[in-house]
Amino acid sequence: MDYRRTYLRDLFNLAPGSKTSAYGWIKTRRDSKTVHFVQLSDGSTFQDLQVVIPEGLLSEAVLKTLTTGASVRFDGEIVQSPGENQPIELLASGAEVYGPADPAEYPLQKKGATMEFLREIGHLRGRGNTFGAVFRVRNAAADAIHQFFQKRGFNYINTPIITASDAEGAGAMFQVTTLVGHEETKDGLRYKLDKTDPAEDFFGKPSYLTVSGQLEAETLALGLTNVYTFGPTFRAENSNSARHLAEFWMVEPEMAFCSLEGNMNLAEEFLKEVIATVMERCPKDFEFFNQRIEPTLFETLNHVVNSPFERLTYTEAVKMLEASGESFEFPVGWGTDLQSEHERWLTEKKVGRPVILTDYPKEIKAFYMRQNEDGKTVRAMDVLAPRIGEIIGGSQREERLDVLEARIKELGLPIEAYWWYLDLRRYGSVPHAGFGLGFERLLMYITGMKNIRDVIPYHRTPGSAEF
RNA sequence: UGCCGCAUAGCUCAGCGGUAGAGCAGCUGACUGUUAAUCAGCGGGUCCCUAGUUCGAAUCUAGGUGCGGCAGCCA
């Protein structure tokens, strides 16, 4: 067998009378007096192929194995379907079952399963409607992201996954070490520390899984002008929420000769174009999401694509929140970070579409963000989306050597570790900006899925690394 | 990590002190160009675990484990 070059989705374009073969997994089967009906799926499209098997064509033994979950090839002819739910169907003239699936044990049923249960059978859930659609859309979105940047002359770069600079400050990190072994004790498996001197560790110093490729991306932007990363990112925070993962995929563009305004423009264009492209490419999947997952999906996504994002400064947002008359659980006040309820009020009640907030107090943002002339705020931006909150976080970077050095010292960060980062400001420094976008958060937004664990094949969260 | 909730058949759930139930799925049969087909019958349980209260615990109490929701951390 060669690899598949045509898929079930291609069969739907064949003219009646065409002879062909259909490969896939059986979703359901219905029997009638003179024919058997099989719903066949290969993941290439949301729509199943209905295969019609005339009575008497197959032996009783083969027929018995044509059950939900079985993998099979049908040979036959494309014919117009008298049924209402499909334009064409495959009239079978032969079948080969590759792998049967015992119907008494096969866990995926054609009727209602909860997301929690499907998560437990993550190795099989891709065969169902929901996760077939999720992973097709994930693929289409990844492709749209590359196209978006490639069309605009951005260079795709890969920043290190293992980093020895613990200086990124974006959260708790996973340590990478070869000094820890295991041993079997009377209390079970236990860790054993082979050596204690970091100098003897693999990299000669403590090293970690990256929490962001931003600092490295900046170095390449200051040479290639516009770059982006799209890769795995790790956070060791003990986060137990529907929108956090310990391992997730992040998109990080970084642009030289670019201000915060350019950064906002890119973020807005990015979200609009990726959403529009994916919707156009996967219409059947979106119909499903809109019908079964999130009934306001079409409405909100079309709105996002067709109207300008609201742009507000942090200070303006705080004033609006204070004037809102809402009774929030947490008080609103200039200088404190906005709570989920505040963001939700802004995006869902006040504005009704994504909001870009800028110019946050420097105390609640990272050291590398460019300071404003007021001495109090920095050129930060967060893109907040209704339903899921923060989807993008970015900033114009501090390009002035003296200001950056002063800020690093002020925060008590180890200035020696930033020697190469400071070199960028020493030689040919330039205003530059960029942002980080959580790929899975974007997918939650465009599919309507409610839990981030359901837009990635296998989620890594505290206490959970199955599959 | 904090607060709250849930855990009963393969799945979704009801039962909430008196000895185990429904729908769906599975199996068998009937019927039918079917569309989450329909109808009839059959099989299916460590009621999450441990300890306690009680004549008696799926049901009440305590601890544990797992899962979920909200919040925090953030993308």
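Here is how names work: the chains are called A, B, and so on, in the same order as the sequence lines, proteins then strands, and each is numbered from 1.
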Inter-nucleotide [atom1] distance ([N], [M]), Å rounded:
N: U38(B); M: G52(B); atom1: P; result: 49 Å
N: A37(B); M: C74(B); atom1: C1'; result: 49 Å
N: U19(B); M: A57(B); atom1: P; result: 12 Å
N: A20(B); M: G5(B); atom1: C1'; result: 25 Å
N: A58(B); M: U50(B); atom1: P; result: 12 Å
N: C39(B); M: U32(B); atom1: C1'; result: 11 Å
N: G69(B); M: G33(B); atom1: C1'; result: 46 Å
N: A9(B); M: U46(B); atom1: C1'; result: 13 Å

Check: Between the side chain of Ser464(A) and the main-chain N/O of Arg460(A), is any donor-acceptor distance below 3.5 Å?
Finding: no
What is the distance, rounded to the nearest whole Å, between atom [atom1] of [X] and atom [atom2] of [N]?
X: Arg30(A); N: C24(B); atom1: CZ; atom2: P; answer: 17 Å
X: Glu60(A); N: C27(B); atom1: CD; atom2: P; answer: 13 Å
X: Arg119(A); N: A7(B); atom1: CZ; atom2: P; answer: 18 Å
X: Leu91(A); N: G33(B); atom1: CG; atom2: C1'; answer: 12 Å
X: Glu89(A); N: G33(B); atom1: CD; atom2: C1'; answer: 8 Å
X: Lys450(A); N: C70(B); atom1: NZ; atom2: P; answer: 11 Å
X: His36(A); N: A37(B); atom1: NE2; atom2: C1'; answer: 15 Å
X: Lys33(A); N: U38(B); atom1: NZ; atom2: C1'; answer: 15 Å

Item checked: Strand RNA chain B as a dot-bracket string - pairs counted if Watson-Crick or G-U with both distances under 3.5 Å, | where the partner lies in another strand -> (((((((..((((....[..)))).(((((.......))))).....(((((..]....))))))))))))....
Once you apply a heavy-atom cut-off of 4.0 Å, does [X] come out as touching a base, just sugar-phosphate, or nothing?
X: Thr34(A); result: nothing
X: Asn240(A); result: base
X: Ile391(A); result: sugar-phosphate
X: Glu84(A); result: base
X: Gly393(A); result: sugar-phosphate

Next item on the list: Grab the two heavy atoms, one from Ser395(A) and one from Arg397(A), that are nearest each other, plus how far apart they are.
Entry: OG-NH1, 2.7 Å
Next item on the list: Evaluate the ring planes of Phe467(A) and Tyr458(A), with Trp represented by its six-membered ring, and classify them as parallel (under 30°), tilted (30 to 60°) or perpendicular (over 60°).
Entry: tilted
Counting heavy atoms from C-beta on, name the nucleotide in [options] closest to the side chain of [X].
X: Ala242(A); options: A75(B), U34(B), G69(B); result: G69(B)
X: Glu390(A); options: G72(B), U35(B), A75(B); result: A75(B)
X: Ser81(A); options: U34(B), A36(B), G69(B); result: U34(B)
X: Val35(A); options: G72(B), G33(B), U35(B); result: G33(B)

Margin query: Between A75(B) and Phe439(A), is there a base-stacking contact, meaning the centre of the base's six-membered ring lies under 5.5 Å from the residue's ring centre while the planes stay under 30° apart?
Written below: no
Quick one: is [X] getting a side-chain N or O under 4.0 Å of the [N] phosphate, OP1 or OP2?
X: Gln50(A); N: U34(B); answer: no
X: Ser32(A); N: G33(B); answer: yes
X: Ser340(A); N: G72(B); answer: yes
X: Asn238(A); N: U1(B); answer: yes
X: Lys64(A); N: U28(B); answer: yes
X: Arg243(A); N: C70(B); answer: no
X: Arg29(A); N: A25(B); answer: no

Below 4.0 angstrom, N of the basic side chain to O of the carboxylate: do [X] and [Y] qualify?
X: Glu363(A); Y: Lys376(A); value: no
X: Arg119(A); Y: Glu466(A); value: no
X: Lys272(A); Y: Glu269(A); value: no
X: Asp382(A); Y: Lys365(A); value: yes

Checklist line | Interatomic spacing from CZ in Phe248(A) to CE in Met250(A) - rounded to 0.5 Å | finding: 5.0 Å
Margin query: Using 0.5 Å steps for rounding, measure from the OH atom of Tyr156(A) to the OH atom of Tyr228(A).
Written below: 7.0 Å
Tabulate atom names and distances for all N/O pairs under 3.5 angstrom spanning the protein and nucleotides 10-15 of chain B.
{"unit_1": "G10(B)", "atom_1": "N2", "unit_2": "Gln109(A)", "atom_2": "OE1", "d": "3.1"}
{"unit_1": "G10(B)", "atom_1": "N2", "unit_2": "Gln109(A)", "atom_2": "NE2", "d": "3.2"}
{"unit_1": "G10(B)", "atom_1": "N3", "unit_2": "Gln109(A)", "atom_2": "NE2", "d": "3.3"}
{"unit_1": "C11(B)", "atom_1": "O2'", "unit_2": "Gly112(A)", "atom_2": "O", "d": "3.2"}
{"unit_1": "U12(B)", "atom_1": "OP1", "unit_2": "Thr114(A)", "atom_2": "OG1", "d": "2.7"}

Check: Does NZ or CZ of Arg125(A) fall inside the cone over Phe131(A)'s six-membered ring, less than 6.0 Å from its centre and within 45° of the axis?
Finding: yes
Note to self: Taking the six-membered ring of Phe148(A) as reference, does the cationic atom of Arg152(A) (NZ for Lys, CZ for Arg) lie under 6.0 Å from its centre and within 45° of its axis?
What the structure shows: yes
Next item on the list: Would you sort out whether Glu89(A) and Ser81(A) count as a side chain to side chain donor-acceptor pair (under 3.5 Å), showing the intermediate values?
Entry: CA-CA 6 Å; Glu89(A) 58 195 22; Ser81(A) 176; 2.8 Å; yes
Note to self: Let me spell it out: for each of Glu343(A) and Asn451(A), pick the nucleotide of RNA chain B with the closest heavy atom. Which residue's pick is nearer the 5' end?
What the structure shows: Asn451(A)
